[in-house]
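The figures here come from the full heavy-atom set of this structure, side chains too, leaving out hydrogens, waters and symmetry mates. In this text the structure is predicted, and so the values were computed from the model without any measurement. In what follows, chains carry the letters A, B, and so on, assigned in the order in which the sequence lines appear, proteins first and then strands, with residues in each chain numbered from 1.
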Amino acid sequence: MIIYGVALLSGCLLLGMLTGQLLGELLGVSANVGGVGIAMLLLVLLSNSERFKSLTCGAAGSGIQFWSAMYIPIVVAMAAKQNVAAAVDGGVLALVAGVAAVVVSFALVPLLSRIGKPENAENADSGAVS
Amino acid sequence: MDVIETVFLRNSLIVAFAFIGLVMWVSYFVSNRLTAGRIHGSAIAIALGLLAAYWGGVRSGGQSGVADIWLLGGIGLLGGGMMRDFAIVATAFGVNFSELKKAGLAGIVSIFAGVLVSFFVGAAVAVAFGYSDAVSITTIGAGAVTYIVGPVTGEAIGAADAVITLSVAAGLVKSILVMVGTPFVAKSIGLDNPQSAMVFGGLMGTTSGVAAGLAATDPKLVPYGAMTATFYTGIGCLLGPSVLFFVVSAIF
């Protein structure tokens with residue numbers, strides 16, 4: 001049944017969110033620390049496990065796949081409800097701070113992507129990055 | 001007129017489904033016909049969404065973009081945090097656990113590196129614009145982390161309202177730029193595999209930005225980037241009002 005998959009997905013999200021909220025309380029932060037990430041890990045583990053096969057295969061699996069496929073439309077709706085007007089009104093300082101943070105972070109992606117990768121021909125033209 | 005209003009208001013989520021469906025159709029049509037598929041349909045859809053959000057915000061004076069237009073109130077629910085998180089988790093279905101483990105260390109390092117780098121870049125910009133008190137500099141720096149870390153930090157250390165607003169604006173600029181800019185830089189920063197996607201999510205951190213940016217680049221990468229990005233705001237809220245504020249206070 002499709003609802004089994006949807007229910008499993010809901011269970012993962014709720015459990016992840018609870019853990020994230022508790023983690024936040026423990027750390028004394030007024031935010032959810034990684035709730036969604038924990039929920040994703042849970043779903044990955046469950047969908048790879050034999051015991052939960054009946055909840056992730058066949059019709060039940062298509063209940064999860066439906067929401068996975070709804071992801072992009074939901075992100076478009078999310079974009080449409082952003083406070084873009086406030087970002088535009090933020091003035092030059094907000095613009096410069098936001099743009100600079102993004103540009104520097106973009107530049108770091110290739111550097112940090114090398115962490116944990118075996119050294120190979122890639123580092124022929126650049127210095128060693130540890 | 002009354003009849004239409006009643007029906008559309010009562011079924012706002014359904015209106016949102018239909019409206020977003022239409023936006024997607026138009027975007028993919030434009031992508032295929034006018035750009036020969038060079039610009040991803042979802043990238044165009046996200047850009048249209050942001051334009052609509054600007055229009056909605058200016059027209060209504062509200063904070064929720066196009067969702068503040070009465071006819072499109074359902075967008076607020078469909079695009080809200082609850083549905084977004086639900087769909088993000090669903091993308092993890094079918095992800096290979098060993099891919100996650102392989103990039104685990106790089107992912108964790110990138111979360112901390114991302115928070116620190118964005119914070120200090122934001123703080124440096126605040127200083128360059130003439131701020132010289134530790135509270136304001138920290139708050140604006142935290143805003144460059146994400147638009148949630150900014151106000152959380154600002155309120156914790158007692159920043160002025162205007163500064164908190166500024167920090168939110170900086171975070172919004174970041175999030176929007178990641179949404180729009182990612183597909184254009186993806187190739188040159190090597191964003192084409194699970195490992196770099198996890199690093200990308202950790203470095204950028206804005207869940208909305210990463211979610212949309214990766215969707216417009218390669219939907220297969222979404223779960224990897226989203227996984228690390230969702231830890232970022234929490235770590236930022238942890239470090240902002242504590243360690244980072246102490247460091248800035250020690251300097252100014």
Trainee: Check whether B:Y131 gets within reach of chain A through its side chain, its backbone, both or neither, counting any heavy atom under 4.5 Å.
Mentor: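 Side chain only.
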Trainee: I need the minimum non-hydrogen distance between B:L172 and A:N83, along with the two atoms involved.
Mentor: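 Taking B:L172 first and A:N83 second, the nearest heavy atoms are CD1-O, 3.4 Å.
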Trainee: Ignoring hydrogens, what is the shortest heavy-atom contact between B:I20 and A:P73? Give both atom names and the distance.
Mentor: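 Where B:I20 meets A:P73 most closely, the heavy atoms are CG2-O, 3.5 Å.
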Trainee: For B:A113, is it the side chain, the backbone, both or neither that has a heavy atom under 4.5 Å from a heavy atom of chain A?
Mentor: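 The answer is the side chain of B:A113.
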Trainee: Please look at B:T165 and chain A and tell me whether the side chain, the backbone, both or neither of the residue comes under 4.5 angstrom of a heavy atom of that chain.
Mentor: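 Neither part, no heavy atoms under 4.5 Å.
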Trainee: For a quick test of reading the model, state the closest non-hydrogen atom pair linking B:S196 to A:V109 and the distance between them.
Mentor: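 Where B:S196 meets A:V109 most closely, the heavy atoms are O-CG1, 4.1 Å.
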Trainee: Could you please spell out the steps behind the side-chain contact (heavy atoms from CB on, under 4.5 Å) verdict for A:S105 and B:F200?
Mentor: CA-CA 8 Å; A:S105 303; B:F200 172 80; over 6 Å; no
Trainee: Could you please spell out the steps behind the side-chain contact (heavy atoms from CB on, under 4.5 Å) verdict for A:V96 and B:F129?
Mentor: CA-CA 10 Å; A:V96 174; B:F129 274 78; 4.1 Å; yes
Trainee: Non-hydrogen atoms of chain A under 4.5 Å away: do they reach the side chain of B:F19, the backbone, both or neither?
Mentor: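 It is neither, since no heavy atom gets under 4.5 Å.
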Trainee: Taking side chain as everything from C-beta outward and backbone as N, CA, C, O, which of these in B:I140 sits under 4.5 Å from a heavy atom of chain A? Side chain, backbone, both or neither.
Mentor: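 The answer is the side chain of B:I140.
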Trainee: Identify which of B:M24, B:M198, B:Q63 forms the greatest number of heavy-atom pairs closer than 4.5 Å to chain A.
Mentor: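 Among the listed options, the one with the most contacts to chain A is B:Q63.
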Trainee: For the pair A:Y71 (side chain) and B:A215 (backbone), establish whether a donor and an acceptor sit closer than 3.5 Å, ignoring hydrogens and angles.
Mentor: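 Such a contact is absent between A:Y71 side chain and B:A215 backbone.
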Trainee: List the steps, then state whether side-chain contact (heavy atoms from CB on, under 4.5 Å) holds for A:V36 with B:T207.
Mentor: CA-CA 10 Å; A:V36 174; B:T207 313; over 6 Å; no
